[in-house]
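Input: a single structure, listed below in structure tokens.
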There are 2 protein chains.
Amino acid sequence: MTNNNSIRPINKAMNLEDIAAKAGVSRSTVSRVINNEPYVSAKTRTKVEAVIEEEGFSPNPAARTLVTQRTKAIGIVIPHILNAISSDDAYFSTLLRGITEVTTQRDHATLLWLEQTGDDEERFRRRILQNRMMDGLIVASAATNDPLFAHLIEAGTHFVTVERPTQFREHTNYVTIDNVTAAQTAVEHLIKHGRHRIATITGNLNISDGEDRLTGYRNALESAGIPYDTNLVIPAQFNRHNGYQGMKELLNFKFDAIFAANDAIALGVMQAARELGLRIPDDFALVGFDDMNIATQLNPPLTTIHQPVLEKGAHAANLLIDLIEGKVKTPQAILLPTELIIRESCGVKSKETG
Amino acid sequence: MTNNNSIRPINKAMNLEDIAAKAGVSRSTVSRVINNEPYVSAKTRTKVEAVIEEEGFSPNPAARTLVTQRTKAIGIVIPHILNAISSDDAYFSTLLRGITEVTTQRDHATLLWLEQTGDDEERFRRRILQNRMMDGLIVASAATNDPLFAHLIEAGTHFVTVERPTQFREHTNYVTIDNVTAAQTAVEHLIKHGRHRIATITGNLNISDGEDRLTGYRNALESAGIPYDTNLVIPAQFNRHNGYQGMKELLNFKFDAIFAANDAIALGVMQAARELGLRIPDDFALVGFDDMNIATQLNPPLTTIHQPVLEKGAHAANLLIDLIEGKVKTPQAILLPTELIIRESCGVKSKETG
DNA sequence: TTGTACGCGTTATCAC
DNA sequence: GTGATAACGCGTACAA
């Protein structure tokens, strides 16, 4: 409104110039102090810092971004909202916590991009790709063939996934767990304890987590010389409803155990079993995946694979910011450990180890 | 780097000037087209739009923010992370979904600010107050006396809370539920069905949700002429562990029902009861609050108050953006409806209505 | 209806 | 060590 430097409108934030005037130096010097640059005398620095402190000044991020081309913000992208944030599940909020822990610590803001139910994919992608408020992206629960990846790579945008990539592997940084081995461990545990007709209700097979857990299941059967029976493999998605439906489909066949691709699915199985008057683990054993907090609380407590979701988020954020800051060049693949947690749903006393 | 307009460095984003050149018009005309301003001939507009489309151009948000003083982004602030994101709980992620649904629809970005465990409050507050990447804030699960509010009001920052404010009421926009009445309804349901020694394990009493639910509990007792027995009131926090502990404390006293201030607490109660060999609802009735998805899944299924968390988030976001856009002036208080969901934990068949 | 010119608040590049 | 001054990319009075 006014061009008069001496009178600042009320409520108008201060700027470098104002601070400089108050400190009796030039704008450039204030900038140097703020950015911790050398070549400022101790005395000047102290004076300027005092004024900054006194005024509670902080530099305008938009102006800064305009010249530095950096926003000091990252984005979290969740394309498949219905799967990822099935509200049964603490996976998502735990991941967020892990991520923000690091972004906060490393002085970055965090933008959240959830694909909405009515959204078409193309618009969602454009919204993210065109938004230039972020220096990089963490992509969670995307389909392995999601076109987003091609666009990100083409645009040269830094990104990290929390699933194993199946395409563009040489361009993709990721942090995940060894889903194949973990699932295999779970199923082998069932086999070791006398279950031989083991069914599985899978997660989304277009997400590597789902795909890999099915592979682990197959591997376990194969190692034990148990034939792979497609009747016992119910393709589904990572949510409770699918577990519930899957259980009902399985009724047509004989089985003595179910490996659920995650705990939400296991929850659905338990609900169906209960309605059908089937008892776990007496009528069939059940093993889940994720170790959500609720697992101890179920009846019976759920045997499951524990995975370090918080750490996954934290590692992803660190990796992304390292990438942005140029501290990491070659594509990184970080694998986090998992653990089989034996409770009661698998029919083995939790005292005796696997 | 280069001042030569005719040669753009590879990977350098286009700007208005470039588009203008390609379209054979001036920069301002392109700006007008992008901002849907009048006084552009249909022909010019079409031409410019074609170039924009062809180049996949979108304006630099930092530059835009610098001049408009608007970021088209809002922030979500969660001060009490341990309470709000107790990983038992879908409340938080559901709220996020509700919020982002609206922010997306109204073309705003969403920033996430979670107070970290090791964080001191003062630093957290500064981080938010000094960050100018947002046009307004949604504050969730803050203590009613959180100093943040005073700062926000002083700074003239638009904000909306999803709890009832106890101070600065005339300056605070909020959307919440009628916690008092809802809690009262829950407890009256217990009374009506013969329970007279009703205990409660409260939520955080420095959050209005916790305070109000306790008030509702008192009101119900009072209406029924049941004396208020402080032995039966366990001050606690909104998480499962506190429910577990609270249940154990209650063992010293006689009671025939528990009103848990949220479902997470009820979960803890159920776990403790199970370990103690107490049966619900035979040994005591139990009612929760929230109606998290898992409630149907518990043993027994949990009677609880349903609250529309998704809608809460959506209303909050709409209200905030209305505020930012100047469409709303006087402080708004939006109250959303709740409903008592009768299942089995209260000892009443779910068929017969409370 | 279109174009010119200035300002938004920084950082970066020079002189001094 | 310090201070002008030119970008950064956009919106917007004002002139044409």
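Each chain gets a letter, A, B and so on, in the order the sequences are listed, and its residues count up from 1. Any value given below was found using the heavy atoms of this structure, including those in side chains, with hydrogens, waters and symmetry copies removed.
A donor-acceptor contact shorter than 3.5 Å links the side chain of Gln116(B) to the backbone of Leu114(B).
At a threshold of 4.0 angstrom between heavy atoms, the contacts of Thr44(A) are confined to the sugar-phosphate backbone, with no base atom among them.
For the pair Thr29(B) and dG3(C), the criterion of a side-chain N or O lying under 4.0 Å from OP1 or OP2 is met. A close approach under 4.0 Å does occur between a side-chain nitrogen or oxygen of Ser41(A) and OP1 or OP2 of dT2(D).
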Could you run down the sub-3.5 Å N/O contacts of the protein with nucleotides 10-14 of chain D?
unit_1: dC10(D); atom_1: OP1; unit_2: Asn60(B); atom_2: N; d: 3.0
unit_1: dC10(D); atom_1: OP2; unit_2: Leu16(B); atom_2: N; d: 2.4
unit_1: dC10(D); atom_1: N4; unit_2: Arg27(B); atom_2: NH1; d: 3.4
unit_1: dC10(D); atom_1: N4; unit_2: Arg27(B); atom_2: NH2; d: 3.2
unit_1: dG11(D); atom_1: OP1; unit_2: Asn35(B); atom_2: OD1; d: 3.4
unit_1: dG11(D); atom_1: OP1; unit_2: Asn35(B); atom_2: ND2; d: 3.2
unit_1: dG11(D); atom_1: OP1; unit_2: Arg64(B); atom_2: NE; d: 2.7
unit_1: dG11(D); atom_1: OP1; unit_2: Arg64(B); atom_2: NH2; d: 3.3
unit_1: dG11(D); atom_1: OP2; unit_2: Ser31(B); atom_2: OG; d: 2.8
unit_1: dG11(D); atom_1: O6; unit_2: Arg27(B); atom_2: NH2; d: 2.5

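A salt bridge links Asp322(A) with Arg106(A): the distance from a Lys NZ or Arg NE/NH1/NH2 to an Asp or Glu carboxylate oxygen falls below 4.0 Å. Comment: Asp107(B) engages Lys72(B) in a salt bridge, judged by a side-chain N to carboxylate O separation of less than 4.0 angstrom. Ion pair Glu121(A)/Arg125(A) flagged as a salt bridge, since at least one NZ, NE, NH1 or NH2 atom sits closer than 4.0 Å to an Asp/Glu carboxylate oxygen.
Remark: Arg27(A) engages Glu17(A) in a side-chain hydrogen bond (donor to acceptor under 3.5 Å, both in side chains) (not counting sequence neighbours).
dA12(C) atom C1' lies 13 Å from atom CD of Gln69(A), rounded to whole Å. When rounded to the nearest whole Å, the span between CG of Leu66(B) and C1' of dC8(C) equals 4 Å.
Using a 4.5 Å heavy-atom cutoff, the side chains of Arg127(B) and Trp113(B) are in contact.
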